[in-house]
Protein chains: 2
Amino acid sequence: MAQESYKDKKVITIGIVRELTGLSERQIRYYEERKLIFPERTAGGSRKYSFSDIELLMDIAEKIEDGVQTYEIRQEMIKDKKKAEEARLRKKMIQGQLNAQFGVRKI
Amino acid sequence: MAQESYKDKKVITIGIVRELTGLSERQIRYYEERKLIFPERTAGGSRKYSFSDIELLMDIAEKIEDGVQTYEIRQEMIKDKKKAEEARLRKKMIQGQLNAQFGVRKI
DNA sequence: ACAACGATGTTAGAAAACCTTACATAAAAA
DNA sequence: TTTTTATGTAAGGTTTTCTAACATCGTTGT
């Protein structure tokens, strides 16, 4: 469980992210400052991104081009995360009920 | 087709590979010298590895610990690649035959 | 209209990461 | 026993990344 796949592992340095996204390092760091993205750090302090981060950055860039401000993008992201969490909970509850009815008994 | 997924994209620098594999940079570069692994390079000359490379490095490390020499590992790899290529060809041929018999006609 | 903010560029200096080459060494192979 | 293999380490140089600061220009708020 908790599928930690390649896609989410933070292993890519900012230079590569620049190449892959076409964004400037300035932009990438700025979006972090605006709390849109959360790289990890090496021991020495260098940023490390995942492929997911790269996809997210490209989504962000698109919205920015469409005139959306970082603040609004952030609000959207928070809203989306809440929705995802609710969905997760609902799913879990239904699972729980199913298990109660039909699951393996421990006695 | 030609599934270029995250797993095969060369985006990871040697320091991260060191952390992920537990190997020293010396070892990682040496295995390249012995033609066991083929990182790409940035414009400036830094090595870039994929997750596949990392898996391969860990396999290599295991064999080395078991006393297998790099030269032998290389021979195995060449042999394996040949086999994979043969299998690919066989599959393709069978596909071709199936298409000839039952495939969509263009007339 | 004008001040404040937002997004980005650029510069500078420092630190981290990476590169190649060379020399050293211990164990294994020839 | 000589050679090769695998690895460590050091030196010196280049690339990459970092933060902080200042500049610019378009947009927003008053």
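Note: hydrogens, waters and symmetry copies are ignored here, and every other heavy atom, side chains too, is used.
Between B:Arg88 atom CZ and B:Glu85 atom CD the span is 4.0 Å, to the nearest 0.5 Å. Taking OH from B:Tyr31 and CD1 from B:Ile64, the interatomic distance works out to 4.0 Å, rounded to the nearest 0.5 Å. Separation of atoms CZ (B:Arg47) and CD1 (B:Ile12) is listed at 15.0 Å; rounding is to 0.5 Å. Note that CE of B:Met77 is 7.5 Å distant from CZ of B:Arg74, once rounded to the nearest 0.5 Å.
Distances shorter than 4.0 Å separate none of the side-chain N or O atoms of A:Ser46 from OP1 or OP2 on D:dT16. Between B:Ser24 and D:dG8, a side-chain N or O to OP1/OP2 separation shorter than 4.0 Å is present. Residue B:Thr70 has a polar side-chain atom (N or O) positioned under 4.0 Å from OP1 or OP2 of D:dA6. Note on A:Arg47: every side-chain N or O is 4.0 Å or more away from OP1 and OP2 of D:dT17. Contact between the side-chain N/O atoms of B:Arg41 and the OP1/OP2 oxygens of C:dT20 is found at a separation under 4.0 Å. Within the 4.0 Å cut-off from OP1 or OP2 of D:dT4, not a single side-chain nitrogen or oxygen of B:Tyr71 is found.
When rounded to the nearest whole Å, the span between CD of B:Glu25 and P of D:dG8 equals 11 Å. One can place OH of B:Tyr49 at 10 Å from P of C:dC18, the figure rounded to the nearest angstrom. Rounded to whole Å, the distance from CZ on A:Arg34 to C1' on C:dT8 is 13 Å. Rounded to an integer number of Å, the gap from A:Lys35 NZ to C:dG6 P is 14 Å. As rounded to whole Å, 20 Å separates atom P of D:dC25 from atom CD1 of A:Ile64. A:Ile14 places its CD1 atom 17 Å from the P atom of C:dA16, with the value rounded to the nearest Å. The nearest whole Å value for the distance from the NZ atom in A:Lys10 to the P atom in D:dT17 is 17 Å. Regarding A:Tyr30, its OH atom lies at a distance of 16 Å from the C1' atom of D:dA20, rounded to whole Å.
The side chain of A:Thr42 has C:dA17 as its nearest neighbour among C:dC23, C:dT10, C:dA17.
Nearest-nucleotide positions on DNA chain C for B:Gly45 and B:Arg26 put B:Gly45 closer to the 5' end. Toward the 5' end of DNA chain C, the nearer of the two residues A:Ala43 and B:Gln69, judged by each one's closest nucleotide, is A:Ala43.
Using a 3.5 Å distance cut-off with no hydrogens or angles, the side chains of B:Asp8 and B:Ser52 do pair a donor with an acceptor.
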